[in-house]
Amino acid sequence: MNTAIATTIAPARPTAARAQAFFQWLYDTEAGYIEIVAGITNPANPSKIKLQMDTRRFLYCDPERPDLLEQAGRYAEQLADTYNNVYCGVRLYDKRAKLENTRKEEYTRPSRVIFIDDAPAAAPLPYSASIRTSEHSRHAYYK
């Protein structure tokens with residue numbers, strides 16, 4: 001188990017450095033396009049988030065180019081400053097996703113991460129990473 005992000009991260013506005021560290025941990029040695037998109041509280045259901053699709057970008061990441069992760073981190077911080085909620089895809093995408101600005105299953109690259117939305121605080125097998133996304137919810141990851 002990778003323990004680089006094994007602690008629970010309280011909900012906080014992501015800084016460029018925090019986002020970059022998370023992307024580096026999440027994607028590790030893989031290259032491809034990161035989906036980054038802002039979210040707002042859904043007016044129809046305040047316990048849910050509505051994605052702001054006009055903010056979605058697919059930014060290229062390559063472990064041999066740390067400057068690209070810095071760029072992605074800066075964009076995540078920019079969205080956080082404006083919208084508060086920022087989401088990124090668990091898997092990387094190929095160039096078709098960027099060209100069409102859409103995510104499709106056939107555009108995804110393999111991932112070594114299992115993602116759990118609305119994960120319980122504790123699990124029989126400890127999470128590799130857990131990020132508290134609100135007072136009553138969290139994302140969890142096994143890597």
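Computed from a predicted structure; not experimentally measured.
The salt bridge (charged side-chain N to carboxylate O under 4.0 Å, His left out) test applied to Asp118 returns no partner, not counting sequence neighbours. Residues satisfying the side-chain hydrogen bond (donor to acceptor under 3.5 Å, both in side chains) test with Gln52, not counting sequence neighbours, are none. With sequence neighbours left out, Phe115 forms a ring-ring contact (aromatic ring centres under 6.0 Å, His included) with His139, Tyr141. By the side-chain contact (heavy atoms from CB on, under 4.5 Å) test, Ala119 is found to be paired with Ile116, Tyr127, Arg138, Ala140, residues two or more places apart in sequence or in another chain being considered. Listed by chain and number, the residues in a salt bridge (charged side-chain N to carboxylate O under 4.0 Å, His left out) with Lys104 are Glu100 (sequence neighbours excluded). Annotation: side-chain contact (heavy atoms from CB on, under 4.5 Å) contacts of Ala17 (sequence neighbours excluded): Thr15. By the side-chain hydrogen bond (donor to acceptor under 3.5 Å, both in side chains) test, Asp94 pairs with Arg96, sequence neighbours left out. By the ring-ring contact (aromatic ring centres under 6.0 Å, His included) test, Tyr75 is found to be paired with no residue, residues two or more places apart in sequence or in another chain being considered. With sequence neighbours excluded, no residue forms a ring-ring contact (aromatic ring centres under 6.0 Å, His included) with Tyr27.
In this structure, the side chain of Ser128 does not engage the main chain of Tyr142 through any donor-acceptor pair within 3.5 Å.
With contacts defined as side-chain heavy-atom distances shorter than 4.5 Å, the pair Leu69/Pro63 does not qualify. In this structure, the side chains of Leu92 and Ser111 stay at 4.5 Å or more apart for every pair of heavy atoms.
Of all non-hydrogen atoms in Ala31 and Tyr60, the two that sit nearest each other are CB-OH, 3.6 Å. Contact between Arg112 and Thr29 at its shortest, heavy atoms only, is NH1-OG1, 3.6 Å.
Annotation: salt bridge (Lys or Arg N to Asp or Glu O under 4.0 Å) contacts involving residues 63-75, sequence neighbours excluded, comprise Arg65-Asp67.
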Please table the atom pairs, donor to acceptor, closer than 3.5 Å between any side-chain atom in residues 33-46 and protein atoms at least two apart or in another chain.
residue: Glu35; atom: OE1; partner: Arg103; partner atom: NE; Å: 3.3
residue: Glu35; atom: OE2; partner: Arg56; partner atom: NH1; Å: 3.2
residue: Glu35; atom: OE2; partner: Arg103; partner atom: NE; Å: 3.1
residue: Asn42; atom: OD1; partner: Ala44; partner atom: N; Å: 2.9
residue: Asn45; atom: OD1; partner: Ser47; partner atom: N; Å: 3.3
residue: Asn45; atom: OD1; partner: Ser47; partner atom: OG; Å: 2.8

